Amino acid sequence: MCGIVGYIGHREAYPIIIKGLKRLEYRGYDSAGVVLYDEKDLKLSKTKGKVSDLEERVAKEISTKGTIGIGHTRWATHGVPNDVNSHPHLSNSGNLAIIHNGIIENYEPLKKELIKRGYTFKSDTDTEVLVNLIEEVQKNENIKLGKAVQIALNQVVGAYAICVFDKQKPDEIVVARLGSPLAIGIGENEFFIASDASPFIEYTSNAIYLEDEEMAIVRLNKDLKIRKIKDDSLVDPYIQELQMNLEQIEKGGYDHFMMKEIYEQPNVIKDTYRGRLHANEGLIKMAGIEDNIDKFINAQRILIVACGTSWHAGLVAEYIFEEFARIPVEVEYASEFRYRNPIIGDKDVLIAISQSGETADTLAAIKLAKEKGAFVFGVCNVVGSSISRETHAGAYTHAGPEIGVASTKAFTTQITVLTMIALRLAKAKGTLSISDYHRYLSELETIPEKVSEALHTNDSAKAIATVFKDATNFLYLGRGYNFPVALEGALKLKEISYIHAEGYPAAEMKHGPIALIDEQMPVVVIAPKQGHYDKVVSNIQEIKSRSGKIIAVVTKGDEQVRALADHVIEIPETSDAMSPLLTTIPLQLLSYHIAVMRGCNVDQPRNLAKSVTVE
Ligand code: M6R
C-alpha cells in the first residue's frame, strides 16, 4: 500500500518520478505528491486524486527542474485522502521532506511528546509525526540526517519504507525499510528508489532490495552504504540482476492490465511449469520441494495461509493435496491464523501463498509459524519479495508482474505450482496409481492450450455481461474443486464492478441462500461434467424452479445443463482436479466486461490496493 519513488543523479528527476508513480499506482491511488530540489529550495506539490491529477497540479504550481526528488502515491491509512494528508510531508522547519509506505503504530504518544516540545501538525498522518521526530533528533543531537533517521526509527513501532531528504544536505537521500518493500536501482552515478523495480526498469537492471531493519544513504557520485538500523553494523550490498522487462509492465495494446493478464494465462502457466514438469519422463523437479521432501512426506498436516484470491488458490490446493497426496490440509485466512494462538509445531508444514509476497497478514502468519517450529514454504510471484525471503523454502509462480488489482494470472499459476507439488508428493508417497500420476502429468501439459480455448468464451461472457450488468446481486455456486472457484468468481465481480456477489458450495444453498432467489437473481453455476455433476444439475433445477436466472459454466457439448440454463458458457473437457484452471477463465471475463460496462475503473477499483502491506 502506497508507492514510493525517489531519484538522485544527473537526469531531470520529475519525469522519472511521475512515470514511476504511474507504474506504482496499483499500490494505492487516492492521492499523490512530489518534492523536487532545484539547487535552492524544496518544491512541493501534492493533491488528492491520481498521479494524473498531480501532473495537472504540478503544471500550475511548481517548476519541474531538479535532479533530486521523491514522490508518493497513497492508499490512506491514517487520515482521509485529501491534499493535506498526501505525501510528501515536510518537517516544521521545512528542511526535511519524507515519503512513507506503512504505518507508525505508536505515532500518537510520539505526536503528543512533539507537541509538548512546540511542534505543530498540519495533517492527520503518522508520517508527519515521523518526519518531525527525525527533525527533533537531528536538532537535539546535532547530527547528520542518516544518524537522526536511525535514532528516530529505533523509537518507532510499526512498518515503513521511507525516503527522507534534507534540503541542507541536497546530495543524499536516506532510505530505510521494515515490513514494506524498498528497491534501490543502481545506475551510473545515479540511484533510483522505489517500492518495486518497475519505475526504473528502463534505466538499470541492477537493483538492491533492502531487507527489513536496513537503511541506506544514497549519495550523489558515491558508493552505497547499507546499515542495520538497530546496531549500525554495515551490510554487504547484494546486487541482483532484474528479470523484469518493460513490455511486461505495459498494457501491450489491451485497454486494461486485467484483460492483458487474463490473456497471458496460457503462456504464464507454461512458464510456471517450464523446467519443472517433465511429463515424458514422469518427473516433477522443483528444487524447493526436492530439498525438503522429507519435511512434506512426514508432515502430520499441511496448513495453508493466504488472503483473498491466494486464499482461494489455497482452498483448491486443499482438495488436490488431500486427494493426490493424502496429507490432511487446513486452509486459513492469514489474518485469523496470526491472532488466534494456533496449534502448530515442528511436525507441520505451513504453505504461505501470496502473489505480491508482501501481504502483511501472511507475513505475520509465517513469522508466527516459524516461531512455533513449523517448516514454512512460500508460493509467491514477486521474486525477492519479503515472503519469499522470510520462508524456509519456496517456489515462484513465474506469472510475471501482475498490475491489475484484481488477481487473475496469479490465481491460475498458484494452482499450477500447488498441483505440481501435490503430484510430486503423491509420487513420493505412492498415493496415486502410476497410471493416474502419469495421466495428470500429461494433462497438466495440455492446460495452456485448453486455457487458450477457454479464452474463446470472451464473446459469450461479454454478451452475458450486457444482460446482467445492472444486477445488484449475484450468486456463484460450485461443488468440490469448483467451490473455491465460485468464491473467486464472486470476489472478482464485487471488487471491480461493486456488485454484491456471494460464492457458496452449491449444496449449501438450501440452508439459507435459496431464500434470495427470485427472477431478478443471476446465479452463476460452475457445472463441468466431472466431479459432482449430477448433484450440481439437481441444484440447477432447484434454482430454476424458483425462477432464478442461470448462467452455467459447462463442459463443451453438455446438452443437459444447456436445456435448463438461461445462458451457457462452454469450456474444454478436463479432469475434476484441473477444472479450476479452466472454469475460472469465463468468470474472470464476465466480471471484467460487467465492470467495463458499468464504467468502473477495472485496474484500480475504489478503496483497494494491489499489495496490502498493512494489517
Ligand atoms: O499479494 P497477495 O496474493 O498476498 O494478495 C492477497 C489479496 O490481497 C489479493 O488476492 C486480493 O484479494 C486481490 N485483489 C483479489 O483480486
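Numbering of residues begins at 1 and proceeds along the displayed sequence. What you are looking at is a predicted structure, and each value in this text was computed from that prediction instead of being measured.
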K.L.:
Tell me whether the centres of the aromatic rings in Y203 and F192 are closer together than 6.0 Å.
P.N.:
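Y203 vs F192: aromatic centres under 6.0 Å.
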K.L.:
Using the rule given for salt bridge (Lys or Arg N to Asp or Glu O under 4.0 Å), can you reason through R389 versus E358, listing the C-alpha separation, both sets of side-chain angles and the distance that settles it, and then say yes or no?
P.N.:
CA-CA 10 Å; R389 284 177 292 162; E358 301 295 344; 5.1 Å; no
K.L.:
Given the rule in the side chain to side chain donor-acceptor pair (under 3.5 Å) test, do N458 and H593 qualify, once you have shown the distances and angles that lead to the verdict?
P.N.:
CA-CA 9 Å; N458 187 42; H593 288 299; 2.5 Å; yes
K.L.:
Do we get R177 above Y160's six-membered ring, with its NZ or CZ under 6.0 Å from the centre and within 45° of the axis?
P.N.:
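Because its charged atom misses either the 6.0 Å distance or the 45° angle limit, R177 does not stack over Y160.
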K.L.:
Under the ring-ring contact (aromatic ring centres under 6.0 Å, His included) criterion, do F165 and Y37 qualify, and how do the steps go?
P.N.:
CA-CA 9 Å; F165 177 76; Y37 178 79; 5.7 Å; yes
K.L.:
Using a cut-off of 6.0 Å, state whether more than 12 heavy atoms not belonging to K367 lie near its atom NZ.
P.N.:
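Counting other residues, nucleotides and ligands, NZ of K367 exceeds 12 neighbours.
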K.L.:
Does K228 NZ have over 12 foreign heavy atoms under 6.0 Å away?
P.N.:
yes
K.L.:
For the residue pair E488 / T584, report whether a side-chain donor-acceptor contact shorter than 3.5 Å exists.
P.N.:
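No pair is found: no donor N or O on one side chain lies under 3.5 Å from an acceptor on the other.
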K.L.:
Side chains of Q265 and Q588: closer than 4.5 Å at any heavy-atom pair?
P.N.:
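When only atoms from C-beta onward are counted, Q588 and Q265 do touch, with a gap below 4.5 Å.
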K.L.:
State, yes or no, whether a side-chain contact exists between V156 and L130 at a heavy-atom distance under 4.5 Å.
P.N.:
yes
K.L.:
Pairing donors with acceptors under 3.5 angstrom, does anything connect the side chains of T127 and T125?
P.N.:
no
K.L.:
Mind checking side chain to side chain donor-acceptor pair (under 3.5 Å) for R227 and listing every partner two or more places apart, or none if nothing turns up?
P.N.:
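So R227 forms no side chain to side chain donor-acceptor pair (under 3.5 Å) with any residue.
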K.L.:
Compare all side-chain heavy atoms of K48 with those of D83 and state whether any distance is below 4.5 angstrom.
P.N.:
yes
K.L.:
Among residues at least two apart in sequence or on other chains, which ones pass ring-ring contact (aromatic ring centres under 6.0 Å, His included) with Y26?
P.N.:
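ring-ring contact (aromatic ring centres under 6.0 Å, His included) check on Y26 returns nothing, list empty.
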K.L.:
So that I can tick it off, tell me whether E264 and K409 are bridged by a salt bridge, with the cut-off set at under 4.0 angstrom between side-chain N and carboxylate O.
P.N.:
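Yes.
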K.L.:
For the ring pair Y592 and H256, is the centre-to-centre distance below 6.0 Å?
P.N.:
yes
K.L.:
Can we say R57 and E61 salt-bridge, meaning some charged N sits less than 4.0 Å from an Asp/Glu carboxylate O?
P.N.:
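Answer for the salt bridge query: yes.
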K.L.:
Regarding K65 and the six-membered ring of Y14, is the cationic atom NZ or CZ under 6.0 Å from the ring centre and inside 45° of its axis?
P.N.:
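Here K65 fails the 6.0 Å and 45° test against Y14.
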K.L.:
Between the side chains of E202 and K19, is the shortest nitrogen-to-carboxylate-oxygen separation below 4.0 Å, so that they form an ion pair?
P.N.:
yes
K.L.:
From the options K169, Q168, Q138, select the one residue that forms a side-chain contact (heavy atoms from CB on, under 4.5 Å) with L96.
P.N.:
Q138
